[in-house]
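Notes for the one structure printed next.
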Amino acid sequence: MASVGGVPCWVSLMTPDQRAAEEFYGPVLSWTFVSSDAGPDARIATVEGQPVAGINQLAAGAGPEAERWTVYFHVEDADLVAERIAERSATVAVGPLRKGGGRAVIAADQSGAPFGLWQGDGPASWWVGSGPAPAWLQLHTADAFAAAVFYGEIFGWMDDPSHGVTYEEQYDEIVVRVDGHPVAGLRGGALESPPDPGIRPRWEPYFRVPDLDAAVSVAEREGGEVVSPPREGPLGRSATLRDHKGASFCLLST
């Protein structure tokens with residue numbers, strides 16, 4: 001993984017019911033779960049022993065609507081980036097806090113989309129688009145250009161494009177690349193069609209599955225909801241779902 005700031009380095013589900021989350025995602029994505037050194041309320045989803053994502057228990061009292069997927073970006077200095085977030089009228093909700101072998105921040109961008117910062121080492125095998133990691137990360141927001149400026153400024157992408165992170169307009173969205181490898185898209189416009197006032201700006205991970213239709217069926221059986229049925233797109237055949245508590249994620253056919 002590149003050491004430059006702003007490289008996606010992890011995704012984690014924040015959930016008020018960790019056990020129920022594991023019971024949902026295990027059958028849908030063939031995940032198994034192990035303990036994490038990040039704390040007693042943190043678990044790691046794995047595929048064939050390789051880490052895929054975190055499953056983190058929210059504090060007592062958090063309602064089911066609090067469940068969401070959070071994308072973490074690697075930073076060299078969590079305090080500095082947290083200051084940049086606050087300076088741009090965005091939100092630093094938690095941290096920086098010491099967690100496991102590093103420091104973490106939970107924040108929200110100017111549109112309200114939650115994301116995280118991580119200062120420290122991460123799984124060496126985790127790289128968006130390869131191995132067990134998500135195949136893609138998607139930001140849904142009202143103004144993709146404003147989002148690109150925000151993330152570019154807080155992570156320093158605009159200071160020196162030669163350091164590896166760039167973005168460009170492609171497929172009606174802004175594509176973020178790390179060392180030339182596409183890892184994320186920033187898509188602007190209406191969040192849903194027709195607009196749904198209950199839908200907020202958010203980051204969505206795309207997880208690979210060998211049989212998309214079968215995985216969608218399992219998700220429905222386990223209490224999930226199909227938002228967009230399987231369809232062809234720039235990444236391949238994919239579907240958008242909400243889990244049993246409403247967290248949005250996507251499945252992508254391998």
Side-chain angles (χ1 to χ4, degrees), residues 1 8-60 62 64 66-72 74 99-102 104 106 114 116 118 120-138 183 202-227 230 235-254:
M1 179 185 297
C9 64
W10 193 237
V11 295
S12 182
L13 180 71
M14 312 296 288
T15 175
D17 192 337
Q18 198 172 51
R19 181 184 295 274
E22 293 184 17
E23 290 174 350
F24 174 84
Y25 285 98
V28 173
L29 288 159
S30 300
W31 286 352
T32 56
F33 302 89
V34 298
S35 299
S36 168
D37 61 6
D41 294 330
R43 300 264 285 170
I44 295 176
T46 68
V47 171
E48 297 181 350
Q50 295 299 309
V52 180
I55 308 291
N56 285 11
Q57 179 76 36
L58 287 166
E67 180 148 317
R68 65 176 185 268
W69 281 99
T70 300
V71 176
Y72 283 80
H74 180 266
K99 197 168 186 179
I106 300 295
W118 176 252
D121 294 332
S125 61
W126 203 97
W127 177 265
V128 175
S130 66
W136 183 252
L137 304 171
Q138 186 79 53
V183 298
R202 77 276 184 191
W203 282 95
E204 285 176 346
Y206 279 65
F207 297 109
R208 296 184 186 85
V209 289
D211 188 330
L212 179 62
D213 296 293
V216 169
S217 295
V218 173
E220 290 185 292
R221 185 192 71 202
E222 297 297 328
E225 175 189 359
V226 178
V227 178
L235 299 174
R237 193 162 178 263
S238 65
T240 302
L241 301 96
R242 296 191 187 108
D243 69 16
H244 61 304
K245 297 289 187 182
S248 183
F249 67 102
C250 299
L251 300 177
L252 181 66
S253 181
T254 54

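FYI, the numbering just counts along the sequence from 1.
Side-chain contact between Trp118 and Lys99: present, with at least one pair of heavy atoms (C-beta onward) separated by less than 4.5 Å. Put simply, the side chain of Tyr206 reaches to within 4.5 Å of the side chain of Ser238, judged on heavy atoms. Glu225 has its side chain out of reach of Leu241: every pair of non-hydrogen atoms, C-beta onward, lies at least 4.5 Å apart. Within the 4.5 Å cutoff, no side-chain heavy atoms of Ile55 are placed close to those of Ile44.
For Pro123 against Pro51, the heavy-atom pair with the smallest separation is CB-CG, 3.7 Å. The two residues Pro230 and Val216 come nearest to each other via the heavy atoms CG-CG2, 4.2 Å. Residue Met14 comes nearest to Tyr72 through the heavy atom pair SD-OH, 4.4 Å, listed as atom of the first residue, atom of the second, then distance. Contact between Pro8 and Val71 at its shortest, heavy atoms only, is CB-CG1, 4.5 Å. Minimum heavy-atom separation, Val11 to Pro134: CG2-CG, 3.8 Å.
Summarising the geometry, atom CG belonging to Leu235 is positioned 6.0 Å from atom CG belonging to Leu252; distances are rounded to the nearest 0.5 Å. For the atom pair CG (Asn56) and CD1 (Ile106), the distance works out to 8.0 Å, reported to the nearest 0.5 Å. Within the model, atoms CD of Gln57 and CZ of Arg19 stand 10.5 Å from one another, a figure rounded to the nearest 0.5 Å. Atom-to-atom distance recorded for Leu13:CG and Glu22:CD is 10.0 Å, nearest 0.5 angstrom. Separation of atoms CG (Leu251) and OG1 (Thr240) is listed at 8.5 Å; rounding is to 0.5 Å.
Distance alone, capped at 3.5 Å, places no donor-acceptor pair between the Trp69 side chain and the Trp203 backbone. Side-chain atoms of Glu222 never come within 3.5 Å of backbone atoms of Tyr25 as a donor-acceptor pair (strictly under, hydrogens ignored). The backbone N or O of Pro205 lies less than 3.5 Å from no partner atom in the side chain of Gln138, so there is not a single donor-acceptor pair.
Considering Glu67, Arg68, Glu204 as possible partners of Ser248, the one that fulfils the side chain to side chain donor-acceptor pair (under 3.5 Å) test is Glu204.
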The test is side chain to side chain contact (heavy atoms under 4.5 Å, CB included); show your working for Trp126 and Val52 and say whether it passes.
CA-CA 7 Å; Trp126 203 97; Val52 180; 5.5 Å; no

Run the side chain to side chain contact (heavy atoms under 4.5 Å, CB included) test on Val209 and Thr254 for me, step by step, so that the C-alpha distance in whole Å, both residues' side-chain angles and the decisive distance to 0.1 Å come before the verdict.
CA-CA 6 Å; Val209 289; Thr254 54; 5.8 Å; no

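Ser253 meets the side chain to side chain donor-acceptor pair (under 3.5 Å) test with no other residue; sequence neighbours excluded.
For residues 208-218, every residue pair satisfying the side chain to side chain donor-acceptor pair (under 3.5 Å) rule, not counting sequence neighbours, is listed here: Asp213-Arg237.
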Would you list the atom pairs, donor with acceptor, under 3.5 Å between side chains in residues 28-35 and any protein atom, with sequence neighbours excluded?
unit_1, atom_1, unit_2, atom_2, d
Thr32, OG1, Thr46, OG1, 2.8

